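Data block below; observations after.
Atom set for the values below is all heavy atoms of this structure, side chains included, hydrogens, waters and symmetry mates excluded. Here the structure is a predicted model, which means the values were calculated and not measured.
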Amino acid sequence: MKKARLIALYLPQFHPIPENDEWWGPGFTEWTNTVKAKPLFIGHQQPNLPADLGFYDLRLPESREEQANLAREYGIEGFCYWHYWFGGGKRLLERPFHEVVESGKPDFPFCLAWANHTWSGVWHGCPDRILIEQTYPGVEDYTDHFYAMLDAFRDPRYLKVNGKNIFGIYKPKDLKEPELFMNTWRELAAKEGLGGFHFVAMVDFPWDPVPGGFDAYSSNPPVAMVTRQDVQPLNEELEKEILKWRFFSKEKPELPQVYSYQSFVENAFPDKTLRRDFHPCVVPNWDNTPRSGKNGFVLHGSTPQLYERHLEEAVDLVEDRSEDERVIFVKSWNEWAETNYLEPDLRWGTAYLEATLRAVTRETSDRIRVHFVNVRTAHHSPHSGYDRFFDYVPHRRLPKAVSFDAVTEAERERLYQQAKQEVSWYNPSDLELESAVNEFAPDRHRHVCHYLYGENSLYHTERSKAQNKKVFVSFHQPPTAHQEFVRNRGPLQNVDGIVVVGTNQIPFFSQFVDPAKIHFVPHGVDTDFFHPNPGLRREDRILFVGNWLRDFDTLVSVSKILAVKAPQLSLDVVTLERNRPFFEGCPNVRFHCGIPEADLLAKYQEAMLLVVPMKDCTANNSVLEGMACGLPVVTTDIGGIRDYIDEECARLCRPGDADGMADAVLALIADAELRQAMGRKSREKSLAFDWSIVSKTLMDAYEKSFA
């Protein structure tokens, strides 16, 4: 059973028309810009090319049938065709839809959205070039417009809400005399025996309903949504990355506007979207640089998992409405030159469609709503770190604490200093996060507020009095470090679940809470990004990555032993700049700091093995990443390391034993066959820690807390 009515916006510009031939050259279609796209920054995925449906021509009925069959299979109820009426009877791109109506095929529901805007060259760097102007001549033209589309309005396939035909208006604020237009059509609908119209205004952020008699409204994302909110672009970070690779030029690169897709998802549905006359609009991806180049706008880093979470939140917004009113627009089915599509491509295949079907058919009424309470922690790679649960566990933003703004600055400072006496890593922002958790009042659903970094926060968190609200906290540090940084364990009594990433943490926390509340959920690793590449493997490279709880004294001793016994070896050390002095006088060390993510991956893929001496540990990003890249690991047998590796893929040495660690490295260097066998085991074991698997373990822990 579908939980919502998904209507995908549909672009008809996949066939030549004389006007486009004149403006852009013979044979121009949406594919023209799609195929000529180029990547504009590191990690920019362009071009994006079609898979299953190929470079179709919408003049062919077979292409339209294949689209409809695919959409139906994956949970889309119908298409909303963009409709172009410029006034005075002037239409463009009307042929595909006209043939759909005239032929009765495909037998797939549809509605229309009036793209009532002037066509210019704005997206092509020619904003002053008017191609065709949108006009509103008046009642006579409104009447002509209605009768031109009457066959479509009468079609039994036409999508309705409560018996009324859905009709979207792209630029509701540009529509002159909106009430006159809509009243004219309503009167004509009654005259012709139609049930009427359900007019939907597609508004820009802040997405306020517009006056004029509209029945509902929807959002017209994504550009204004993030640029007008307190969301930081990625441009500065990307510029630094590019300049690292430009050895002979420090000229600032010209980039489009770039924001993270994740930031879009996290801000997609503010409180005003809870109105019942709001039809959510979800966006699977967006990047219009194929049309606009450096003048474009990019939502970077979309994945099927993030999109699924985005759509699930939209489904939640409409689930308590009548079945007919659970309308969600998907922008879009096939806007290829805006990288805004659900159709299969060569990179993801049908993954976005599969995510669509899961989100719209999954039983969600009793699904746990997750609210991550997160203090961002920088890692050596954006693909590293515990934050990656964001990409795999559907979650919602925690509403801002209303009471926080009412607290005086003096009182905030007092509360901050109070916590700072007990929590070494406490930040000013933690007080606001804790306030939001305390104030959050759950609805009829089950909710979890989860502190992803418990060593930072939790001090002022209160015990939840609601049975359907649970407070979880993850702790990452081994017991000795935890005791050093968090001196007051009283707040642990206020949580419903403690998540640990090493079994060595369980006895420690069992002193303070019921052991039934403690859940071992391993750290995860992105096994798609971190993967072996045998073609890069070098016979003279070993690797160290990391900073926290690393035993640099032992590492330096190991490097000096290897410099004598295996002078052909280079030890790549990837760590923080402040650790550089450790390696003065180590001739075989190549020191790296702040390297690009692609370079880090290459270091893993080039190395023969990973060597990581440690002072203590629970989980370890670099060990998991090395395993995922197929590396044997030489590390310290300490803390919770055996939760992740064993002798099949690693050599485990005594703490501080530089001689033993150097011997383990030399033995592996000398035995290529053993090294390869251990590398295969490393990769195999890493797959058990893929984020897609550990995220399910986390969800299981949530479920147990409600049992």
Side-chain angles (χ1 to χ4, degrees), residues 229-232 263 266-267 270-271 369-379 385-387 389-390 395-443 447-500 505 508-509 511-514 517-518 548 578 705:
Q229 293 199 72
D230 187 22
V231 179
Q232 295 303 308
S263 70
E266 290 172 355
N267 292 278
D271 291 344
R369 275 64 174 171
V370 180
H371 309 268
F372 286 132
V373 188
N374 186 48
V375 177
R376 272 292 172 188
T377 300
H379 297 281
Y386 203 66
D387 305 330
F389 274 125
F390 271 35
H395 65 280
R396 294 179 169 187
R397 274 185 310 125
L398 197 64
K400 180 178 173 61
V402 175
S403 61
F404 185 77
D405 291 331
V407 178
T408 65
E409 288 293 336
E411 177 63 7
R412 288 185 204 174
E413 179 63 20
R414 186 189 71 78
L415 292 170
Y416 168 67
Q417 293 300 335
Q418 179 189 64
K420 193 67 176 173
Q421 296 299 313
E422 305 288 352
V423 184
S424 298
W425 290 342
Y426 197 81
N427 297 309
S429 61
D430 292 346
L431 182 60
E432 183 172 3
L433 295 173
E434 292 161 346
S435 300
V437 172
N438 293 339
E439 192 171 291
F440 176 70
D443 53 24
H447 292 260
V448 169
C449 299
H450 186 167
Y451 290 93
L452 285 181
Y453 293 97
E455 283 86 3
N456 298 71
S457 306
L458 196 67
Y459 186 80
H460 295 101
T461 304
E462 299 167 358
R463 177 78 173 151
S464 172
K465 295 183 175 65
Q467 290 297 312
N468 57 341
K469 170 189 170 183
K470 303 295 184 183
V471 177
F472 266 63
V473 57
S474 288
F475 288 113
H476 303 260
Q477 300 305 317
T480 52
H482 182 90
Q483 287 177 296
E484 179 182 353
F485 297 113
V486 183
R487 290 178 284 277
N488 184 349
R489 269 158 288 286
L492 294 177
Q493 300 301 316
N494 295 328
V495 303
D496 302 286
I498 290 178
V499 174
V500 297
Q505 298 170 277
F508 174 75
F509 286 109
Q511 302 173 80
F512 312 107
V513 300
D514 181 349
K517 291 184 176 183
I518 303 172
W548 181 245
R578 66 170 180 252
S705 71

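- Between the side chains of Q417 and E413, at least one donor N or O sits under 3.5 Å from an acceptor N or O.
- Residues in residues 476-491 take part in no salt bridge (Lys or Arg N to Asp or Glu O under 4.0 Å) pair, two or more places apart or across chains.
- Atom NZ of K470 is separated from atom NZ of K517 by 8.5 Å, given to the nearest 0.5 angstrom.
- Shown here is Q511, whose CD atom has more than 12 heavy atoms of other residues, nucleotides or ligands within 6.0 Å.
- Rounding to the nearest 0.5 Å gives a distance of 4.0 Å between NE2 of H482 and CZ of F509.
- A salt bridge is absent between R412 and E432: the closest approach of a Lys/Arg side-chain nitrogen to an acidic carboxylate oxygen does not fall below 4.0 angstrom.
- Between Y386 and H476, the ring planes lie perpendicular to each other; the angle is over 60°, past the 30° to 60° tilted range.
- The aromatic rings of Y426 and H460 sit perpendicular, their planes meeting at an angle over 60°, well past the 30° parallel limit.
- Distance check, rounded to the nearest 0.5 Å: CD1 of I518 to CZ of F512 gives 10.0 Å.
- Distance CZ/F485 to OG1/T480: 9.0 Å, rounded to 0.5 Å.
- For F389 and H450, the distance between ring centers is not under 6.0 angstrom.
- Tested against Y451 for a side chain to side chain donor-acceptor pair (under 3.5 Å), the candidates T461, D430, N456 yield a single pass: T461.
- V423 and Y459 make their closest contact through CG2-CD1, 4.2 Å (heavy atoms, listed as atom of the first residue, atom of the second, distance).
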